[in-house]
Amino acid sequence: MKSLVLLVTFLFLFCGISSAGVLYGRIIQENGKPLAKTRIVIEGKEVITNEFGGYAVRLPDGERELNISINDISYPSERIKIYSPRTKQNWRIDPREKKLIKIR
């Protein structure tokens, strides 16, 4: 049993294995309407939003600035902390500044 604990500890510390959570929420347009049925790419993972602008993507835990591509236009986000098992974050597109704004 002790060797199993040591092996798991080794894998986490030295092999870069980290836990992952699901980042989910909604994306709305500047006018408040949902970004419905739109292909988006979050950190290289393609997702199609639902009719309410909802999305969900599995990402490693940690704090980072996301880069979300919507219709081939890149929108960086504010920094966000992703925690297992689920982190909810809603966004509003700012087309003039070409960035995503957190909706608190």
Does D61 reach the main-chain N or O of S84 with its side chain, forming a donor-acceptor pair under 3.5 Å?
->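 Pair found, side chain donor or acceptor close to backbone of S84.
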
Residue of the set I80, L23, V22 for which side-chain contact (heavy atoms from CB on, under 4.5 Å) holds with L59 =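 Among the candidates, only L23 passes.
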
If you measure from the Lys or Arg side-chain nitrogens to the Asp or Glu carboxylate oxygens, is any gap between E63 and R79 under 4.0 Å?
->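 A salt bridge links E63 with R79.
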
Atom pair [atom1]/[atom2] of [X] and [Y] - distance to nearest 0.5 Å:
X   : Y    : atom1 : atom2 : value
I42 : L100 : CD1   : CG    : 8.5 Å
K98 : S74  : NZ    : OG    : 10.0 Å
Y75 : K99  : OH    : NZ    : 13.0 Å
N50 : I27  : CG    : CD1   : 10.5 Å
S77 : I68  : OG    : CD1   : 6.0 Å

Got a sec, which residues hit side-chain hydrogen bond (donor to acceptor under 3.5 Å, both in side chains) with [X], two or more places apart in sequence or on another chain?
X   : value
Y55 : W91
T87 : none
E43 : R64

Side-chain touch E78/E65, heavy atoms, less than 4.5 angstrom |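 No; the side chains remain at least 4.5 Å from each other.
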
Under 3.5 Å, sequence neighbours excluded: what are the donor-acceptor pairs made by side chains of residues 33-41?
| unit_1 | atom_1 | unit_2 | atom_2 | d |
| --- | --- | --- | --- | --- |
| T38 | OG1 | A36 | O | 2.9 |
| R39 | NH2 | D72 | OD1 | 3.0 |

Remaining members of I28's ILVMFWY cluster at a side-chain heavy-atom cut-off under 4.5 Å?
->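 Grouped by the 4.5 Å side-chain rule, I103 form the rest of the cluster around I28.
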
Applying salt bridge (Lys or Arg N to Asp or Glu O under 4.0 Å), which residue pairs with at least one partner in residues 81-96 are found, sequence neighbours left out?
->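 Of all non-adjacent pairs touching residues 81-96, those that pass salt bridge (Lys or Arg N to Asp or Glu O under 4.0 Å) are E30-R96.
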
Out of curiosity, does I101 fall in the hydrophobic cluster containing L66 (side-chain heavy atoms, cut-off under 4.5 Å, transitive links)?
->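 Not linked; separate clusters.
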
